[in-house]
Amino acid sequence: MKNITEIKNIFNIEETIDLANTLDAGQSFMWQDISKREKIIFEGYFEDIKLHLEQKLNYICVTVFSDNYDGNFSSRLQKYLGKPLNKIQGFEVLLKDKIISPVIKKYPGLRILRQDPWEATIGFITSSCSNLPRIKKHMTQLRNVTGGIFPKPEDILYLGEDDLRKLGFGFRSPYIINAAEIILNENLSFDHLEKVPYEIALNDLLNIHGVGRKIADCILAYSLDKKDSFPVDRHVLSGLIKWYGLPKKTNPVFASNFARKKFGYLSSYAQQYIFHRQRLASRALLWGGKHRSFAIDNDIS
DNA sequence: GTCCAGGGTGAAA
DNA sequence: TTTCACCCTGGA
């Protein structure tokens, strides 16, 4: 049913951002691809306000379905959308990497998001041993339970494990409860994690039951701006083995430490590009194949 | 319809 | 250090 009281506000973000590969390729599970015909549009929420982001050549057209936002909304949204690699000091090092360099040239508009850490934590706990469509479905359902506003830790506890299981979270349900408890008991503060170095933030996150190294690294990289985090999932692991000479049976923690040492503060970008290369390689679409990217090559070429 | 595997983790061998 | 169960569902 169409909501006749729906208010639309439109503004543009005058920057090149590759929406599809930034919002809808594993960093976030909060965006739905609602593209039709030639238009690339993603629907999602920022600060619990419903948005449409439409991919234009050199900018993003933002439609806000609310009147309830302030003058700094746009700049906070820009911060959420992160920075392109070429705005990171010393990024040229990655151009010298034979594996990463061609992917950078293909996807210069790929960014690292700065999501809300609480939402990211729930999202990545949910991602464990699941797949993209299902994770997104769960995240959407969870948001809908609380009327379009993403549930706070207290809402999660109010829901309880049984209701989470009914929503389909399965064995991840108690993990989500535990995350909420740890936040409410003030044993973990995301504001604090943002300020401390990677290692300390990592150890704090590992206290959440159901958060291991991979999920912690995702939270650190994609919501807490820890650019020296390098999440290793099965795809990235096989990429590292295939392209960087790691032994066949390397475990993910060793691989992550190896990559962090190699890429330093460019780790999260390096990881995304290796992930994309592996993702495309596995679909045999990399060179010359059809793919969805409306990124415009500006000053990286 | 049935079968399998999916961006992992924690506990038990 | 290695193996296994854990929930559930999209896609073959």
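Since the structure is predicted, the reported quantities are computational estimates derived from the model, not experimental observations.
Summary of the strand contacts: A/V211 and A/Q271 both lie near DNA chain B, and taking for each the nucleotide with the nearest heavy atom, the more 5' one is attributed to A/Q271. A residue-by-residue look at A/K249 and A/H138 shows that A/K249 has its nearest nucleotide of DNA chain C further toward the 5' end.
An OP1 or OP2 oxygen of B/dA11 is reached within less than 4.0 angstrom by a side-chain nitrogen or oxygen of A/H209. At the phosphate of B/dG8, neither OP1 nor OP2 sits under 4.0 Å from any side-chain N or O atom of A/R172. For A/R213 and B/dG8, the shortest distance from a side-chain N or O to OP1 or OP2 is not below 4.0 Å. When the side-chain nitrogen and oxygen atoms of A/K137 are compared with OP1 and OP2 of C/dG10, one or more of them lie within a distance under 4.0 Å.
Rounded to whole Å, the P atom of B/dT9 lies 23 Å from the corresponding atom of C/dG10. Going from the P atom of B/dC4 to that of C/dA5 covers 15 Å, rounded to whole Å. Comparing the P positions of B/dG10 and C/dT9 gives an interatomic distance of 23 Å, to the nearest angstrom.
In this entry the distance linking CD1 of A/I208 with P of B/dT9 reads 12 Å, nearest Å. With rounding to whole Å, A/F169 atom CZ is found 17 Å from B/dG8 atom P. The nearest whole Å value for the distance from the CD1 atom in A/I176 to the C1' atom in B/dG10 is 16 Å. The separation between A/I122 atom CD1 and B/dT9 atom C1' is 15 Å, rounded to whole Å. Nucleotide B/dC3 holds its C1' atom 15 Å from the CG atom of A/N131, rounded to whole Å. Taking atom NZ on A/K166 and atom P on C/dC8, their separation rounds to 12 Å, with Å as the unit. Atom CG of A/N251 is separated from atom P of B/dG8 by 14 Å (rounded to the nearest Å). Taking atom CD1 on A/I135 and atom C1' on B/dG6, their separation rounds to 8 Å, with Å as the unit.
Comparing C/dG11, C/dC7, B/dT9 against the side chain of A/K214 picks out B/dT9 as the nearest.
Within the 4.0 angstrom heavy-atom criterion, no nucleotide atom of any strand lies near A/V232. Using a 4.0 Å heavy-atom distance criterion, A/L206 is classed as making no nucleic acid contact. A/A25 comes within contact range of at least one nucleobase, with a heavy-atom separation under 4.0 Å. Note on A/F275: a base of the nucleic acid sits closer than 4.0 angstrom, heavy atoms only.
Classified by interplanar angle (parallel below 30°, tilted 30° to 60°, perpendicular above 60°), the ring pair A/F230/A/F263 is parallel.
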Q: Mind running side-chain contact (heavy atoms from CB on, under 4.5 Å) on A/S75 and A/K79 for me, showing each step along the way?
A: CA-CA 6 Å; A/S75 62; A/K79 187 180 168 191; over 6 Å; no
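The CZ atom of A/F275 sits 9.5 Å away from atom CD of A/Q27, with the distance rounded to the nearest 0.5 Å. In this structure, the separation between CE on A/M139 and OG1 on A/T126 is 3.0 Å, given to the nearest 0.5 Å.
A donor-acceptor contact closer than 3.5 angstrom is absent between the side chains of A/Y45 and A/D116.
A/F171 does not qualify as a stacking partner of the C/dC7 base, lacking a centre-to-centre distance under 5.5 Å together with planes within 30°.
Ionic pairing of A/D70 and A/R76 is present here: one or more N-O contacts between side-chain nitrogen and carboxylate oxygen are shorter than 4.0 angstrom.
Across every strand in view, C/dC7 sits unpaired, with no contact that passes the Watson-Crick or G-U test at under 3.5 angstrom.
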